[in-house]
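Take a look at the structure set out below.
Numbers restart at 1 for each chain; the letters A, B, ... are given by sequence-line order, proteins then strands.
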Number of protein chains: 2
Amino acid sequence: MYKANLTKRQYEILRYVHETIEENSRPPTIREIGREFSISSTKGVFDHLSALEKKGWIDRVKGQARGIRPVKEKTERLFSEGEGVPVVGSVVAGEPTLAVENVEGLLDLEEMFPNQEDLFALRVDGDSMVEAGIHRSDLVIVRQQPTAEVGDIVVAVVDDERGTVKKLTRVEGEIHLEPANPDYEVIVKDPSEVEIRGRVVGVIRKM
Amino acid sequence: MYKANLTKRQYEILRYVHETIEENSRPPTIREIGREFSISSTKGVFDHLSALEKKGWIDRVKGQARGIRPVKEKTERLFSEGEGVPVVGSVVAGEPTLAVENVEGLLDLEEMFPNQEDLFALRVDGDSMVEAGIHRSDLVIVRQQPTAEVGDIVVAVVDDERGTVKKLTRVEGEIHLEPANPDYEVIVKDPSEVEIRGRVVGVIRKM
DNA sequence: TTGTATACTAAACAAAAGTTTAGTAACATA
DNA sequence: TATGTTACTAAACTTTTGTTTAGTATACAA
């Protein structure tokens with residue numbers, strides 16, 4: 001056994017198929033694989049594909065040109081070396097930071113903030129939320145919603161002004177939009193005067 | 001003219017090719033396109049592909065099965081509706097936040113923090129940098145480097161301990177690792193006792 | 001009015017690619 | 001010792017797929 005119940009040859013061929021799709025947006029033909037690995041008979045390659053299919057790494061569309069379809073999640077997991085930014089659990093003295101043992105996983109930003117229709121990003125232009133860790137020019141990721149819970153950091157529009165990022169609280173029937181910076185004052189409004197646009201669910205900063 | 005110098009039919013066929021690749025990891029054959037659009041003759045489709053090629057939207061690998069290769073950037077730009085989180089410039093009263101006019105672009109996290117070999121992400125486990133906007137359990141994006149400039153926020157290993165995130169300064173030949181929290185003390189060390197592992201280039205927080 | 005682009009049908013052909021049959025050899029497992 | 005898996009060759013066969021030829025019809029610009 002080589003890796004993940006595959007033989008070395010099967011692993012190499014699966015990798016070649018995966019890479020060909022990445023590069024050319026289409027799977028290789030049996031003869032292309034044969035050429036790459038110097039296997040003169042198409043049957044030689046065919047057998048490898050049958051083995052890969054049996055072991056659940058690929059699907060095949062019978063009789064069709066370039067009918068190899070790697071099972072996506074499995075295959076991507078197998079060949080994900082170097083794809084994405086690795087997340088390390090801790091930095092320890094002596095060892096190189098990116099030693100394989102230290103890597104806990106890959107940072108999947110698409111997964112953290114997927115293409116959901118109700119998400120948008122807004123660049124922050126004041127410093128009223130610095131103590132909440134939201135700085136000028138940070139991007140806040142906002143989930144669109146017309147209401148929010150007390151304690152949420154929200155994007156709200158008040159007095160026909162431009163939107164502002166503040167912490168939402170309620171005191172005696174009034175809405176308080178609290179900055180996280182002593183230099184700014186709490187905005188106190190009647191609920192009818194505040195339009196809540198969404199709740200901040202993430203912050204991204206590039207320095 | 002329909003969109004981007006294409007006829008309606010050409011646009012539809014290009015979109016079908018694009019979507020087929022997205023869904024099945026391989027381009028359609030000429031006959032598959034014909035089936036989709038009820039074009040009984042392969043020549044009908046062939047002509048459309050020739051037109052698309054001539055107009056620079058696809059490349060073709062002559063004589064090969066599924067040899068249609070959409071020109072990546074152009075095609076992706078054309079069909080990128082809804083892909084990614086939109087970045088809005090500001091939130092204005094009255095208008096729906098995600099109105100097309102407000103969208104400045106799409107948040108491309110892969111572009112912000114690309115798969116560069118020297119990047120890694122580290123989850124912050126203390127609160128010593130809160131005043132620099134780095135909170136407990138934030139992910140910091142770190143560029144690996146053995147030295148850094150004064151003023152940089154760095155990941156450093158001191159005294160055989162686990163790595164720590166601090167601001168780097170130098171005073172009279174000594175290295176100061178300054179927290180951004182008055183509850184913590186500055187770490188003062190001889191340069192030989194400090195291993196700098198990298199510089200913080202980004203922060204990502206999910207709430 | 002002539003040429004060019006678009007949008008096709010129908011049929012045939014050639015090349016590419018998948019599939020099958022027959023067989024060899026090494027190696028591990030029961 | 002028999003059985004199954006791996007890893008192939010060689011050759012033939014079938015199907016799929018790309019390509020070409022011949023032709024129709026419409027619309028538009030020079």
| Base, sugar-phosphate, or nothing for B:S41, non-hydrogen atoms under 4.0 angstrom? | base

5'-most contact on DNA chain C (nearest-nucleotide basis), A:D47 vs A:R35, goes to A:R35

B:I30 CD1 to C:dA17 P, in whole Å, measures 13 Å

Rounded to whole Å, the NZ-P distance (B:K55 to C:dA5) equals 10 Å

Check: Does C:dA10 have OP1 or OP2 sitting under 4.0 Å from an N or O in the side chain of B:S40?
Finding: yes

Sorted by position of nearest nucleotide on DNA chain C, 5' first, the leading residue of A:G67 and B:G44 is B:G44

Heavy-atom closest pair (B:V165 atom, B:M129 atom, distance to 0.1 Å) is O-CG, 3.3 Å

task = Output yes when at least one side-chain N/O atom of A:T7 is less than 4.0 Å from OP1 or OP2 of D:dT5, else no.
result = no

Result for 5'-nearest mapping on DNA chain D, choosing between A:A51 and B:I68, is A:A51

Between the CD atom in A:E19 and the CD atom in A:E12, the distance rounded to the nearest 0.5 Å is 11.0 Å

Checking D:dA7, D:dT19, C:dA7 against the side chain of B:R31 (C-beta onward), the nearest is D:dT19

B:I39 atom CD1 is separated from C:dT6 atom P, nearest whole Å, by 14 Å

Check: Counting just side-chain N and O atoms, does A:H48 come under 4.0 Å of either OP1 or OP2 of D:dC8?
Finding: yes

(Q) Does C:dT6 have OP1 or OP2 under 4.0 Å away from a side-chain N or O of B:Q10? (A) yes

Separation of C:dT6 atom C1' from B:F37 atom CZ, nearest Å, is 16 Å

Here the distance between atom C1' of C:dT6 and atom CG of B:L52, to the nearest Å, is 12 Å

Between CZ of B:R9 and C1' of C:dT6 the distance, given in whole Å, is 12 Å

**OP:** Check the surroundings of atom CD in B:E185: do more than 12 heavy atoms from other residues, nucleotides or ligands lie under 6.0 Å from it?
**Re:** no

query: Is there a donor N/O on one and an acceptor N/O on the other, under 3.5 Å, for the side chain of A:T42 and the base of C:dT19?
result: yes

| request: Using a cut-off of strictly less than 4.0 Å, decide whether A:K62 has a side-chain nitrogen or oxygen near OP1 or OP2 of D:dT14. | output: no

| query | Would one find a side-chain N or O of B:K43 under 4.0 angstrom from OP1 or OP2 of C:dT6? | reply | no

CD1 (A:I58) and OG (A:S50) are apart, to the nearest 0.5 Å, by 7.5 Å

Side-chain contact check for B:R66: nearest option of C:dA7, D:dT17, C:dA17 is D:dT17

Check: Just checking, B:R31 and B:F46: is the charged tip under 6.0 Å from the six-membered ring centre and within 45° of the axis?
Finding: no

In whole angstroms, the gap separating P of D:dT6 from OH of A:Y11 amounts to 18 Å

Separation of C:dG18 atom P from A:F46 atom CZ, nearest Å, is 9 Å

A:K189 atom NZ, neighbour heavy-atom count above 12 within 6.0 Å
yes

